[in-house]
Trainee: 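So that we are looking at the same thing, I have put the structure below in structure tokens.
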Protein chains: 2
Amino acid sequence: MDERVHDHAEVLVDWSARIEAGDDVVLRVAEGAHDLAVAVAEKLGERGANLLSVYDSAEVARAYTRAHDGKFDPDPEYQLALYEQADSVLSLGGGRNTTAGADVPSDRRRALANAREGIREARLATDWVSTVHPTRSLAQQAGMSYAAYREFVYDAVLRDWDALAGEMGRLKRRLDDGSEVRIVGEGTDLTMSVENRVAVNSAASVAYDSHNLPSGEVFTAPAETEGTVTFDVPMTINDRRVRDVRLEFADGEVVDFAAEQGADVIADVLDTDAGAKRLGELGVGMNRGIDRVTDNILFDEKMGGTVHLALGRAYASNFPAGHEDERTESAVHVDLIRWMNEGSRLEIDGEVVQEDGRFVWEDD
Amino acid sequence: MDERVHDHAEVLVDWSARIEAGDDVVLRVAEGAHDLAVAVAEKLGERGANLLSVYDSAEVARAYTRAHDGKFDPDPEYQLALYEQADSVLSLGGGRNTTAGADVPSDRRRALANAREGIREARLATDWVSTVHPTRSLAQQAGMSYAAYREFVYDAVLRDWDALAGEMGRLKRRLDDGSEVRIVGEGTDLTMSVENRVAVNSAASVAYDSHNLPSGEVFTAPAETEGTVTFDVPMTINDRRVRDVRLEFADGEVVDFAAEQGADVIADVLDTDAGAKRLGELGVGMNRGIDRVTDNILFDEKMGGTVHLALGRAYASNFPAGHEDERTESAVHVDLIRWMNEGSRLEIDGEVVQEDGRFVWEDD
């Protein structure tokens, strides 16, 4: 066993979830996450928290969902009670097959998700944190050896989070004080308003309203988007490959698009609803421990030296109190990522904040 | 995968637990029971039940319990709510190491069990059923190959339960109508009163107030035990081996004992409290699918052609309504098993019911 699993558990329990004695914790354990679950259980015991482990198996879920007739009971009370009364929900991803549910009909999957919306909301109302244990299946998804993938995951997770939170705080303040963001680079010249928005310093801790480990991004909700942007990080969206997507915006909406691969996927996304044509998120990846694409959005969107834009739904946390209902609503939230390498720059109100993938303060 | 896992799941869900549409089911999954969990999830989906899976990992429990300072919170409400509101709790045993918790201090283990008594009671108040998935670890405990152990488990589980329930009903009626049971054989001549007792036909179904799969025994709560009994089935009690135990009773209490191996274990048990010196159970094993000792009480005590007697706690289900508090109370319930082979007989009120391991009606 990789001894760093204990460090991972400690970051999750102490930095991310801020577990204290007496906390009621639900630990969701994916099929391949056993070793991390054992290490997390040890930390929870040390902290004097209470523990209930849920078996979050993709194969169990597949078997159940496929066999059911699709008329799912809405929010069964015994499950709702568990999550409503829990203080923290720690989800340990890491399965044995990323396509374990590939033959579950999508309408059946949607029916289950819809019937369990109250349970999902109860879970998201706790101090929840999602992380992943490095498994061979995720290494395969990333096109990496198991050994190299473990290095990758622990480099991303075992950061000096306090220091990174401080650095991200600098960008958050610039975004909060600024009015207009401009992204310039090859095939890209895009402007967005960030007026009256609150940037979130996503420092992998519930103390920062950040629920992913690893995290390491600052994100906000843009408006009035104008211009063109090209995304050069290849991705898998709805199980299909997408590469070199170009979006053209006018008046805040996508008015034209193209892609080297997967243009039909983008067309489907844009067709979902009105909100899907607008941007719900501008995120700036600042985790330098993530230095390569692994086809896993939990990691990809936090890569240091990238920005991502999401079509669709915006987060309420980016709006001042009382203004949350001004956010873009949509059934989708699809991230697209762009390397900010050689020749790229990020400006706030005409001032360069990042150039050639490096923040101006990194030159200090 | 052994295809019989699907038959096992069907017996569990339909015969044992009587699951119906809308039932709120908690599925507890041991580390090695994944394949059975998938098969059970499929059946639960087919029946239209609701499903929450709990990860019942011995290694997670060990890590948590060892790391905790031992001052466990009493019955955390979020866990209590889950079990109080569940209709059925299906426990799938089958770990990867039967001694996974061997280095948890016993006082720590007891402290956790005591702090969670309400949760345990809530679980036992549901239509609960415990079964095991055949794992390599259990095969090892039984001293068997994995292939042979699978045959053994499925022979024990995949019975014609309806027919066996009918046969067991014959013995139940004889016990309910009778006053005195006598067991005779090598080193054995024991009499017990079963007056005013209710024998339980343990037919592996909640419909029979039977909660083990496999089951296949008829049991009652004896009183006024007199005489001597020898147990020739070797067992592991409190992690120690016990062989050829002889107990001598007078006035319902053990007055002398001996053992070829593990006499100190028996002495410890008898010393627990006053109830530990009395018999809490007389059980008659009637599952002919279980034809060998596997050092697992779930199977051993149901072997066709055996009887078992338990020192300690009696079950309320063996007493007429209103008389439950007449039962023997004790912190322990330790089963000891005797083959009823050549030369042995079981009599009720002087009439032979079983001789040389065969019931009189089996000769038909």
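By convention in this document, chain letters (A, B, ...) are assigned in the order of the sequence lines, proteins followed by strands, and residues within each chain are numbered from 1.
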Trainee: For atom CD of B/Gln141, is the number of surrounding heavy atoms from other residues, nucleotides or ligands below 6.0 Å larger than 12?
Mentor: yes
Trainee: With a 4.5 angstrom heavy-atom cut-off, could you sort out which part of A/Glu84 is near chain B: side chain, backbone, both or neither?
Mentor: neither
Trainee: Using heavy-atom distances under 4.5 Å, tell me whether A/Val26 contacts chain B through its side chain, its backbone, both, or neither.
Mentor: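 Both parts, backbone and side chain.
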Trainee: Among B/Asp87, B/Leu52, B/Asp69, which residue forms the greatest number of heavy-atom pairs with chain A at distances under 4.5 Å?
Mentor: B/Leu52
Trainee: Determine whether more than 12 heavy atoms belonging to other residues, nucleotides or ligands lie under 6.0 Å from atom CG of A/Asp103.
Mentor: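 Yes, the 6.0 Å shell around CG holds more than 12 heavy atoms from other groups.
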Trainee: Supply the atom-to-atom distance B/Gln85 CD to A/Gln79 CD, rounded to the nearest 0.5 angstrom.
Mentor: 11.0 Å
Trainee: Quick check on the interface: out of A/Arg96, A/Lys43, A/Arg66, who has the most heavy-atom pairs with chain B under 4.5 Å?
Mentor: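 Among A/Arg96, A/Lys43, A/Arg66, the one with the most close pairs to chain B is A/Arg96.
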Trainee: In terms of the angle between their ring planes, are B/Tyr55 and A/His34 parallel, tilted or perpendicular, with boundaries placed at 30° and 60°?
Mentor: perpendicular
Trainee: Is B/Ala49 in contact with chain A via its backbone, its side chain, both, or neither, using a 4.5 Å heavy-atom distance?
Mentor: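 Just its backbone gets close to chain A.
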Trainee: Examine distances only and state if a side-chain atom of A/Tyr78 and a backbone atom of B/Asn50 form a donor-acceptor pair shorter than 3.5 Å.
Mentor: yes
Trainee: I need the minimum non-hydrogen distance between A/Pro76 and B/Asp24, along with the two atoms involved.
Mentor: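 Taking A/Pro76 first and B/Asp24 second, the nearest heavy atoms are CB-OD1, 3.8 Å.
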Trainee: Which bit of B/Arg116 is near chain A, if near means a heavy-atom gap under 4.5 Å: side chain, backbone, both or neither?
Mentor: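 For B/Arg116, side-chain heavy atoms alone lie under 4.5 Å from chain A.
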Trainee: Do other residues, nucleotides or ligands put more than 12 heavy atoms under 6.0 Å from the CG atom of B/Asp107?
Mentor: yes
Trainee: Measure the CG-CG distance between A/Leu82 and B/Leu80 for me, rounded to the nearest 0.5 Å.
Mentor: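 Taking CG in A/Leu82 and CG in B/Leu80, the distance rounds to 11.5 Å.
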Trainee: In this structure, are over 12 heavy atoms from other groups packed under 6.0 Å from B/Arg120 atom CZ?
Mentor: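 Enclosed.
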Trainee: Just so I understand: if I count every heavy-atom pair under 4.5 Å between each of B/Arg28, B/Lys71, B/Glu46 and chain A, which residue has the most?
Mentor: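 Of B/Arg28, B/Lys71, B/Glu46, B/Glu46 has the most heavy-atom pairs under 4.5 Å with chain A.
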Trainee: I'd like to know which of B/Ala86, B/Ala41, B/Ala37 tops the heavy-atom pair count under 4.5 Å against chain A.
Mentor: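 Max contact count across the listed options: B/Ala41.
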Trainee: Which is it for A/Val60 and B/Leu51 under the side chain to side chain contact (heavy atoms under 4.5 Å, CB included) test, yes or no, and what are the steps along the way?
Mentor: CA-CA 10 Å; A/Val60 167; B/Leu51 168 62; 4.0 Å; yes
Trainee: Does any backbone or side-chain atom of B/Val29 lie under 4.5 Å from a heavy atom of chain A? Answer side chain, backbone, both or neither.
Mentor: side chain
Trainee: Might you confirm whether atom CD of B/Glu77 has over 12 heavy atoms from other residues, nucleotides or ligands at distances under 6.0 Å?
Mentor: yes
